[in-house]
Asks: 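Handing you this structure, nothing more for now.
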Amino acid sequence: MRFGYRKLVLCLSIFAIGILVMQPTSLSSIYTVLAQQNSTSGSNEIDLQPNINSESIFNTKTMTLGNNIKNLVILIPNEGHHSEGEDDEARFLDQHFVPENAVVNTGTTVQWFNGDVGHERIIDVKDTSGNTVFNTGEIVDSQASQAFTFNKTGVYNYEAEGDPGVTMTGSITVDNIQSPATLSSSSGSTTTNSNSSNNIDTVGILMVPTQDIDEYLSQLTSAGITVDNTFDFKDLRGGQKGTGDTQTLIVWTTSGKDLGESLSSLSELSADLPYS
């Protein structure tokens, strides 16, 4: 009797395997059901590792914020409106925006700071359906755009018109990030922040000539803005009068400071940079 039962179980198992072989879509259907169950059980949150290191931003064109960051200020770098492959290289780095790709937590407010001297920019932000969710209006150089808060998860692509035929593009991915952004101390960058607290709520990027870096760091510190980390790089254009051929990306942060005041200080500093 026991032998007969085992034989029956074996036959049923072989029969079930045969069904799966004949219908290869069965497994994918199971996975689809499981995915639907996960999505409805509230497990849509992700565990991204925040990274606000300037060297990483330079190399990957990406910055990932944490769940403690309320504000992000994206830089439009000087000469960012040019395209690659020009006979006379005008760009300092190969990003239209710094960072070109930002990953932020839901509820993060984003502004764009125009460091592109002598040029105005209008940025149009679209959702995955191609619908405009925000338009900055004209941003003059050394000024910040109006602010927009991203309250819905998803991928938002944005663009601005550069030189004729050049479209400047960037993206913002909004999700539920589980970890806070912490102060940077990665090798290859210079950390000038002596504050051990990670209680930061605003992050931004600035590009300055390396040759006068001490002066710029002093100005930021005097304005109550913390320099979290920096990265020096040889610029693509190979030097310019007044700037040298090495530039520095600065990741700055603030905690509990009025963002308008910080942007005003950045505007003053940016207007005096020797870019043209």
Side-chain angles (χ1 to χ4, degrees), residues 48-66 69 71-86 89-105 108-117 119-128 130 132-136 139 141 144-145 147-148 150 153-163 165-175 177 181 184 186 188-189 202-208 228-237 247-252 266 270 275:
L48 291 174
Q49 181 60 46
N51 188 342
I52 62 172
N53 178 263
S54 52
E55 181 177 10
S56 175
I57 295 166
F58 177 83
N59 290 322
T60 68
K61 303 182 181 182
T62 301
M63 170 188 271
T64 302
L65 302 185
I69 305 301
N71 309 296
L72 169 64
V73 181
I74 297 173
L75 174 68
I76 307 173
N78 191 48
E79 308 296 357
H81 59 279
H82 287 277
S83 65
E84 62 178 332
E86 295 180 350
E89 180 65 81
R91 301 170 303 161
F92 286 93
L93 74 172
D94 62 344
Q95 295 188 53
H96 293 303
F97 303 93
V98 188
E100 248 183 30
N101 307 295
V103 183
V104 306
N105 201 45
T108 301
T109 297
V110 176
Q111 289 177 264
W112 288 262
F113 185 86
N114 188 3
D116 197 4
V117 179
H119 297 278
E120 295 77 35
R121 293 285 167 252
I122 298 175
I123 296 172
D124 194 50
V125 183
K126 298 181 179 180
D127 60 19
T128 51
T132 296
V133 297
F134 178 64
N135 187 287
T136 61
I139 319 168
D141 66 283
S145 72
F148 181 74
F150 290 86
T153 58
V155 178
Y156 298 83
N157 294 307
Y158 62 87
E159 60 183 40
E161 292 305 314
D163 273 357
V166 178
T167 301
M168 305 164 62
T169 60
S171 74
I172 295 174
T173 300
V174 184
D175 217 312
I177 301 174
S184 295
S186 302
S189 67
T202 300
V203 174
I205 313 290
L206 191 64
M207 183 178 77
V208 300
D228 183 61
N229 65 89
T230 66
F231 178 68
D232 304 339
F233 64 94
K234 291 287 186 180
D235 64 58
L236 294 173
R237 68 190 304 167
Q247 313 303 316
T248 298
L249 285 184
I250 298 174
V251 172
W252 58 267
L266 289 173
S270 179
Y275 296 127

Asks: By the definition side-chain contact (heavy atoms from CB on, under 4.5 Å), identify the one residue from Asn229, Val98, Ile250 that meets it with Ser54.
Replies: Asn229
Asks: Where do Val251 and Ile57 come nearest, in terms of heavy atoms and distance?
Replies: CG2-CD1, 4.0 Å
Asks: With no hydrogens and no angle check, is any side-chain donor or acceptor of Asn114 less than 3.5 Å from a backbone partner on His119?
Replies: yes
Asks: Using every non-hydrogen atom in the two residues, find where Ile205 and Pro99 come nearest and quote the distance to one decimal.
Replies: CG1-CD, 4.1 Å
Asks: Any non-hydrogen side-chain atom of Thr173 less than 4.5 Å from a side-chain atom of Val104?
Replies: no
Asks: Judged by modelled atom types alone, do Asn101 and Ser171 share a side-chain donor-acceptor pair under 3.5 Å?
Replies: yes
Asks: For Ser145, give me all partners under side-chain hydrogen bond (donor to acceptor under 3.5 Å, both in side chains), at least two apart in sequence or on another chain.
Replies: none
Asks: Is any side-chain heavy atom of Phe134 closer than 4.5 Å to a side-chain heavy atom of Val110?
Replies: no
Asks: Test your reading of the model: is there a side-chain donor-acceptor pair from Thr60 to the backbone of Thr62, 3.5 Å cut-off?
Replies: yes
Asks: Could you go through the side chain to side chain contact (heavy atoms under 4.5 Å, CB included) check for Lys126 and Asn157 one step at a time?
Replies: CA-CA 5 Å; Lys126 298 181 179 180; Asn157 294 307; 5.6 Å; no
Asks: Determine the minimum heavy-atom distance between Leu249 and Met207, stating which atoms define it.
Replies: CD2-CB, 4.0 Å
Asks: Given 3.5 Å as the limit, does a donor-acceptor pair link the side chain of Thr136 with the main chain of Ile123, or not?
Replies: yes
Asks: Checking Glu100 side chain against Gly170 main chain: does a donor-acceptor pair fall under 3.5 Å?
Replies: no
Asks: Within the distance-only criterion (no hydrogens, no angle test), does the side chain of Asn51 pair as donor or acceptor with the backbone N or O of Asn53 below 3.5 angstrom?
Replies: yes
Asks: Check this for me: does any side-chain nitrogen of one of Arg121 and Asp141 sit under 4.0 Å from a carboxylate oxygen of the other?
Replies: no
Asks: Say you draw a straight line from OG1 of Thr132 to OH of Tyr156; how long is it, rounded to the nearest 0.5 Å?
Replies: 12.5 Å
Asks: For residues Ile52 and Ala181, report the shortest heavy-atom separation together with the two atoms involved.
Replies: CG2-CB, 4.4 Å
Asks: Are Gln247 and Tyr275 side-chain neighbours, meaning at least one heavy-atom pair lies under 4.5 Å?
Replies: yes
Asks: Decide yes or no on side chain to side chain contact (heavy atoms under 4.5 Å, CB included) for Asn71 and Thr108, but give the supporting numbers first.
Replies: CA-CA 6 Å; Asn71 309 296; Thr108 301; 6.0 Å; no
Asks: For a quick test of reading the model, state the closest non-hydrogen atom pair linking Thr169 to Phe97 and the distance between them.
Replies: O-CD1, 3.4 Å
Asks: Going from OG1 on Thr202 to CG on Leu65, what distance comes out if it is rounded to the nearest 0.5 angstrom?
Replies: 10.0 Å
Asks: For Pro50 versus Gly66, what's the shortest heavy-atom pair and its separation?
Replies: CG-CA, 3.8 Å
Asks: First locate atom OG1 of Thr153, then atom CD1 of Ile177, and finally report the distance between them rounded to the nearest 0.5 Å.
Replies: 11.5 Å
Asks: Given Leu72 and Gln111, is the side chain to side chain contact (heavy atoms under 4.5 Å, CB included) satisfied, shown in steps?
Replies: CA-CA 6 Å; Leu72 169 64; Gln111 289 177 264; over 6 Å; no
Asks: For the residue pair Trp112 and Tyr158, categorise the inter-ring angle as parallel (less than 30°), tilted (30 to 60°) or perpendicular (more than 60°).
Replies: perpendicular
Asks: Less than 4.5 Å apart, side chain to side chain, heavy atoms only: is that true for Phe231 and Ser56?
Replies: no
Asks: Could you go step by step and tell me if Ile74 and Ile76 meet the side chain to side chain contact (heavy atoms under 4.5 Å, CB included) rule?
Replies: CA-CA 7 Å; Ile74 297 173; Ile76 307 173; 5.9 Å; no
Asks: Looking only at the side chains, is there a donor atom on one of Asp232 and Thr248 sitting less than 3.5 Å from an acceptor on the other?
Replies: yes
Asks: Hey, what's the ring geometry for Phe148 with Phe150, parallel, tilted or perpendicular (30° and 60° as the breaks)?
Replies: perpendicular
Asks: Is there side-chain contact between Asn105 and Asp175, with at least one heavy-atom pair below 4.5 Å?
Replies: no
Asks: Report yes if the side chains of Lys61 and Asp94 come closer than 4.5 Å at any heavy-atom pair, otherwise no.
Replies: yes
